[in-house]
Novice: 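Have a look at this one.
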Amino acid sequence: MTASVISRPTAELTPVTVPDRRVLRRRLGPGRRIPFALWLGPLLLVALWFLASWTGVLDPRTLSEPWVVVSTAGDLIESGRLQEALRVSAVRAFAGLGLGIAVGLVLALVSGLSRVGEALIDGPVQVKRAIPSLALMPLLILWLGIGEEMKIITIAIGVAIPIYIHTHNGLRGIDGRYVELAETADLSRSRFVRHVVLPGATPGFLLGLRFAVTTSLLSLVVVEQINATSGIGHLITLASSYGQTEIIVVGLVVYALLGLIADGTVRLIERKALSWRRTLGSR
Amino acid sequence: MTASVISRPTAELTPVTVPDRRVLRRRLGPGRRIPFALWLGPLLLVALWFLASWTGVLDPRTLSEPWVVVSTAGDLIESGRLQEALRVSAVRAFAGLGLGIAVGLVLALVSGLSRVGEALIDGPVQVKRAIPSLALMPLLILWLGIGEEMKIITIAIGVAIPIYIHTHNGLRGIDGRYVELAETADLSRSRFVRHVVLPGATPGFLLGLRFAVTTSLLSLVVVEQINATSGIGHLITLASSYGQTEIIVVGLVVYALLGLIADGTVRLIERKALSWRRTLGSR
Amino acid sequence: MATHTGLEVSPTTGPPTGPPTGPPTAGAVRVEQLHRSFNEAGGVLKGLDLQIAPGQFVALIGKSGSGKSTLLRALAGLDREVAGTGIVEVPDRVSVVFQDSRLLPWKRVLDNVVLGLDGRDARDRGRQALAEVGLAGRERSWPHELSGGEQQRAALARSLVRDPQLLLADEPFGALDALTRIRMHALLHRLCAVHRPAVLLVTHDVDEAIVLADRVIVLVDGVVATDLTIDLGDQRSPADPRFAALRARLLADLGVEDDTRRVVEVAV
Amino acid sequence: MATHTGLEVSPTTGPPTGPPTGPPTAGAVRVEQLHRSFNEAGGVLKGLDLQIAPGQFVALIGKSGSGKSTLLRALAGLDREVAGTGIVEVPDRVSVVFQDSRLLPWKRVLDNVVLGLDGRDARDRGRQALAEVGLAGRERSWPHELSGGEQQRAALARSLVRDPQLLLADEPFGALDALTRIRMHALLHRLCAVHRPAVLLVTHDVDEAIVLADRVIVLVDGVVATDLTIDLGDQRSPADPRFAALRARLLADLGVEDDTRRVVEVAV
Amino acid sequence: GCGSDSTPVKALAADAALPDDVADGTVLRLGIPDAEVALETSGLIDEVEGYRIEWANISGGPQSLEAFRAGALDASSVAEIPPLFATWTDTPVKIFAVSENPDPLDNPIYELGVAPGVEVGDLADLKGKKIAYSPGQAQGALVLKALQKAGLAQDDVELVELQSVNDTYVNALGSKQVDVAPLGGTLLTSYLAKYGPDGGTSIRTGIRDDASVLYGPAEVFEDADKAAALKDFVRLWVKARQWVKDHPDEFAQAYYVEHEGLTLEDGKRLLATSANRDVIGSWDDFIARQQETADLLSSEQGHPELDVTTLYDRRYEQVVADALGGS
Ligand SMILES: Nc1ncnc2c1ncn2[C@@H]1O[C@H](COP(=O)(O)OP(=O)(O)OP(=O)(O)O)[C@@H](O)[C@H]1O
Ligand SMILES: Nc1ncnc2c1ncn2[C@@H]1O[C@H](COP(=O)(O)OP(=O)(O)OP(=O)(O)O)[C@@H](O)[C@H]1O
Ligand SMILES: [Mg+2]
Ligand SMILES: [Mg+2]
């Protein structure tokens, strides 16, 4: 009894009612996308936070009250510190992101399309991935100093890893039938990359990009511990070394917002760029 | 002139030579897998390290010489510290991994198959992902104490994130035609999950697993800073607070090895579990 | 129990004849004023009406792109997102053979056939169905290891083993050679005789339509332009002049005026 | 230049006749003692020999699963990983129409057709090819928005626009209705007359094979069991008794002894 | 927090005498690893009676503070800065025992590392130099004190904000990213070993950095049972410190080698310098010096003024004094 007949009411405006009775099966996919759904969960969290603080269930020493955080944020904005921090960090994050994406993509193509490239590149990338980044900082300082290059390159290295792995994985997952097609269509290697590999690996790349933007944000906290005088990571580091809980929480809220916005943006790009897909999620 | 005729020599053993001349097109995919290729790059790195240390190009103050690291490792093994650390860490890592995988999978299914689930789960996961874990530690200590539960749960949270995101992404990327098939075959929801969703999302899940194992290793360094008396992360933290460079490098080498082994294992599982796939990588 | 073992074929008890017996509505298909369009440019289905009695075998022909698959998908309930109006009613148990064979690539052939089936004997029934379509011994093959026609037959087996009240088949024999095709015709005919599902079969082979169906309908311009009842009895030979007349009529509906294809003539 | 604009059709200059002119080896296909097997159980191709002269049109028929696609893939150079021996030689420019239409899902139809083509007029040629296969106006559709037959025609357009020396087509007309199929036959015939590629066309439609080909070969048990030269000239009508004889012969090779299909007879 | 006991807390006023009776099942959760090792090795642990000790391998400011806030720890051992920051971040704490180096200026914990090729002979030479500075850490406070002592303002030097994690400072000095950076303990030794040959040096500041305290969250001292248990523990702790002084080799082996993974030589060196501490029975001087530190941080880093006497539970001063007298 799964195929049932239901009726959909038609729009009131139509003067003559046009019937639309369809066979509707049990929907197994998730159905239509709810716009701005990404924000529902976080809003609920904020509401909970508010409630818990209001009723006193949440000790303000554990987590500052939302209103205190708002007023602290207000102070930071008034004094211009927050904007300045965001501006400085944005420059670093974007520079690192751009560089890292380029490097990650090139590595993924080289390693994805040749077994020799893979033998040389893949292992070291996995090694880099397995090594705690905090333990690498001293080496990076030795090699790159404590200036702006070190910060940007550190971010770029962090970004390149997920871009590499996801693009490589996406590329390797391209349906072999399309490779056969490309081979019989006598595609040159560069055309193969442009017409088959890159579009085919785009879903993987975009997933990597979601991780990459978060990585670039998170790396700020690490690199801005070193010889930075501004930046959102520096703001948090400084506040935590002074134990200024409210400022830390402001920083975390900013991170959460930036993370959500960045993720939402990449997913928007995803929906546009992958509009050709007919999948469980897009139906 | 891309389709060319080449001849393959046949095995010497065959008494009568059987000709095998095929049309061989320009191969656009990467070709056959080279066994143990994953190890080639890292071995090269080690060789380079050896060479650079030997010739004095690499200042031992920057990076200890390999032979010093080996003898340090020998000492650590002799005293039993390394084995004990690995044992203790392995228990934590596996417990966290198991818990995190279970949680991540369940969340991915709920959020992947229902828009309401997605609205509630997806945003908070992105928020968690965007927040620096160092800044979360105080909260986790507050809620979970400083005992073993805190360590395992912290690892599990870290593990659940990549499992969730990759499984969710893989699930949403399942070809819509198979969902239609499931709908017309009147599959129940649980069968749909078992026969279509889980196998279809397996490639995504396995990529997530590769990140999850690394995450569980890396989390050790963070959680074992707090009230641990043994463990590989504790070993590194302790050594770095005393500036024992050689021990730190031993720790990093162990991490690299563990990372490579874990990644190789997951990829082996991948090749077995996805043997049904015909892709650019598997051809 | 007997009615649910899709492929339990007893010796033919009698040929399926024109209008079916049984309750008049259960298992019937009713389509009224069906409109479907994919974009503003114009509709694909434009007020199509169609009734199929329970147990009736209807063949659907029509030009490539005329909307045959669109109609089948409407009957299968797979066109939630497509714009349009109209009334569609179908029985509960509907089974679909898609135009692409659509085997789950991660399941072996037998597991594809028994997908979602209940009961301890499910796998036996699946094995039997595979044998019937000539794929005995291929139970443990992966879908990508089958040839095009073998995939199509596996998909057919999957549909038949389910014993549906309505079978929607979108060119299920398109990739089969003459002999295999005749065998599949026979199989389908036998199963229909026993289990009496209503069938809507899309085909491009006019002869196939005439041989198999109780009724042949032609889809032109989004409506049923022709609705022919085939009353040739059970001995349907293309040599029969009535057969030839039906074929000429249907081909004409498709726009082929003279079937004596002359290469040079059409080539100019 | 002129030889490379695949679909630049001038009025038929003359029918393609039996053995082609031109240098004897360039553009020829030679297959000797071809063995191919997917597992230990047994080979699919077992010492197949085949020669196709440049410009010759060969139709290949054979039962489902007999190895037709396997042979085509060997000629296309797509069977690196398949076990076997033998000699295969083909011309340089080979074009393949796959059994599945295999359009890149991330490219619109026109981009699929002109995939990898050079030159400023590539898109114009692609557009023209699409128009020839009846898909004018669908240039910007996504592959998944096309019907089964439309996808097949787009794949055909992609192959034809490349002006190959050897065209390997695996059931390119399987999903087409009678009229569209006749149109496609005509198109292919015209193009072959102009550009004279060697063609190996897999089909299940014996009539189609006889109408289009210079030679029809039947694949049975891994070798070419029958190799018939079609000498019906250009006026090939199924009504012609020689046509009927050829058809009967080929069907017999496929195992169909009597084409006057009788539903009940085969059903029992 | 999660660690709270289910038994009702017997309240204790801040000015009431410390009780002796400890209720059954009272647990002290202590993050004082060296004391743990000393008690275990000496066998003094057997004298613990009437309560139980749960040891946590936690030490240092940030970790102990987090554990206090989580209610997961009753006491820990730190230098003089963390109690100040605890107060400034609204976590009330009490100091209940202090110790210092008998010869602090000759055995400083920190020296100022000087990068190769940089001329810094005394504190006055700091003028105009690039100095690594980590605001919330002890190293940061030391830099401020050094500047104060040299009569320099923050503007007279270039403070490079750099957290001292792992060997960051060693590398920053070695690669000449900064001219001067405070280095303590094994980091100093390894810096001089690595970069001494290149001209890396260090100078002593002549500033006392030997203050060491035991402290715990204020609630602990309002809980009669815990306060009583702590009283007994302090007595034992004084004995343990004495035992360490009497058995330096045994302790070095047990703590530095077995617990911390150092070589015996490193352990002995540390024991002679930074770990060479005497328990103090009279706290006035100690408190006065900490007040100076607090005032300096207030003015230089903008924290509120703080009266450090409020940080001490001086009821324990007597307990310590008695224990010292008795041993
Ligand atoms: N998702 C879609 N979006 C846009 N147009 C579509 C879509 N699906 C089908 N169409 C168009 O609707 C028309 C009818 O398609 P349908 O698949 O029903 O044809 P059909 O009769 O099954 O043809 P064929 O015999 O070639 O399979 C075609 O022109 C097709 O291009
Ligand atoms: N990759 C493979 N692995 C194992 N067996 C295969 C594979 N590909 C084809 N086969 C088997 O080889 C035989 C020949 O297959 P092939 O695709 O050449 O048949 P075909 O003549 O094209 O059939 P059809 O007309 O059904 O397309 C079939 O039995 C098929 O199951
Ligand atoms: Mg169709
Ligand atoms: Mg085939």
Side-chain angles (χ1 to χ4, degrees), chain A residues 2 25-26 28-31 33-34 37-42 45 62 112-115 118-124 126-127 129-132 135 142 169 171-176 179 182-183 186-187 189 192 203 207 214 217-218 221 236 248 252 255-256 258-260 263 278-281 283, chain B residues 2 25-26 28-31 33-34 37-42 45 62 112-115 118-124 126-127 129-132 135 142 169 171-176 179 182-183 186-187 189 192 203 207 214 217-218 221 236 248 252 255-256 258-260 263 278-281 283:
Chain A
T2 52
R25 302 204 157 254
R26 174 213 293 270
L28 289 174
R33 211 173 64 82
I34 308 174
L38 190 59
W39 294 90
L40 195 64
L45 278 189
T62 308
L113 294 179
S114 101
R115 293 287 177 189
E118 177 172 38
L120 294 181
I121 296 172
D122 208 57
Q126 306 310 331
V127 167
R129 200 158 73 86
I131 286 182
L142 272 181
N169 192 277
L171 186 165
R172 283 293 168 87
I174 292 175
D175 195 328
V179 184
E183 285 172 355
D186 269 352
L187 288 201
R189 193 157 274 273
F192 174 59
L207 182 57
T214 327
L217 287 174
L218 291 179
V221 181
I236 291 183
I248 299 180
L252 296 188
Y255 258 90
L258 289 180
L260 277 174
D263 204 71
R278 279 297 165 277
T279 63
L280 176 61
R283 288 181 344 127
Chain B
T2 52
R25 301 204 157 255
R26 175 212 294 270
L28 289 174
R33 210 172 65 79
I34 308 175
L38 189 60
W39 294 90
L40 196 64
L45 279 189
T62 307
L113 294 179
S114 103
R115 293 286 178 192
E118 177 172 38
L120 295 180
I121 296 171
D122 207 60
Q126 307 310 330
V127 168
R129 201 158 71 85
I131 286 182
L142 204 60
N169 192 276
L171 185 164
R172 284 292 169 89
I174 293 175
D175 195 328
V179 183
E183 286 173 355
D186 270 351
L187 289 201
R189 193 156 273 273
F192 174 59
L207 181 57
T214 328
L217 288 174
L218 291 178
V221 181
I236 291 183
I248 300 180
L252 296 189
Y255 257 90
L258 290 179
L260 278 174
D263 204 70
R278 279 298 166 275
T279 63
L280 176 62
R283 284 178 351 122

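All values below come from the heavy atoms of this structure, side chains included, with hydrogens, waters and symmetry mates left out. As the structure is a prediction and not an experimental result, all values here were calculated from the model. So you know, we letter chains A, B, ... as the sequences are listed, proteins then strands, and number each from 1.
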Novice: Check each atom of Leu171(A) against the heavy atoms of chain B and say whether the ones under 4.5 Å are side chain, backbone, both or neither.
Specialist: both
Novice: Give the member of Gly123(A), Gly112(A), Ala182(A) that has the highest number of heavy-atom pairs under 4.5 Å with chain B.
Specialist: Gly123(A)
Novice: Going by heavy atoms in the side chains, are Pro132(A) and Leu252(B) under 4.5 Å from each other?
Specialist: yes
Novice: Locate the shortest heavy-atom distance separating Gly29(B) from Val179(A); write the atom from each residue and the value.
Specialist: N-CG1, 4.0 Å
Novice: Go through the atoms of Leu218(A) and report whether side chain, backbone, both or neither lie under 4.5 Å from a heavy atom of chain B.
Specialist: side chain
Novice: Based on non-hydrogen pairs under 4.5 Å, which of Leu217(A), Leu260(A), Val221(A) is most in contact with chain B?
Specialist: Leu260(A)
Novice: Over all heavy atoms of both residues, which pair between Pro124(A) and Gly41(B) is shortest? Give the atoms and the distance, please.
Specialist: CD-CA, 3.7 Å
Novice: For Pro42(B) versus Val127(A), what's the shortest heavy-atom pair and its separation?
Specialist: CG-CG2, 4.1 Å
Novice: Could you check if a side-chain atom of Leu280(A) sits within less than 4.5 angstrom of a side-chain atom of Leu113(B), using non-hydrogen atoms only?
Specialist: yes
Novice: Is Leu45(A) close to chain B through its backbone or its side chain, or both, or neither, when contacts mean heavy atoms under 4.5 Å?
Specialist: side chain
Novice: Would you confirm whether Glu183(B), through its side chain, and Leu28(A), through its main-chain N or O, come within 3.5 Å as a donor-acceptor pair?
Specialist: yes
Novice: Between Arg26(B) and Asp186(A), does any NZ, NE, NH1 or NH2 come within less than 4.0 Å of an OD or OE carboxylate oxygen?
Specialist: no
Novice: Indicate yes or no: at least one non-hydrogen side-chain atom of Arg172(A) is less than 4.5 angstrom from one of Pro30(B).
Specialist: yes
Novice: State the CD-OG1 distance between Gln126(A) and Thr214(B), to the nearest 0.5 angstrom.
Specialist: 7.5 Å
Novice: Could you look at Leu38(B) and say if it's the side chain, the backbone, both or neither that has a heavy atom under 4.5 Å from chain A?
Specialist: both
Novice: For the CG atom of Asp263(A) and the CG atom of Asp122(B), what is their distance to the nearest 0.5 Å?
Specialist: 7.0 Å
Novice: Of the listed residues (Gly259(B), Ala37(B), Ser114(B), Ala130(B)), which shares the most heavy-atom pairs with chain A below a 4.5 Å separation?
Specialist: Ala130(B)
Novice: With chain B as the partner, which of Ile121(A), Asn169(A), Leu258(A), Leu187(A) has the greatest number of non-hydrogen pairs under 4.5 Å?
Specialist: Asn169(A)
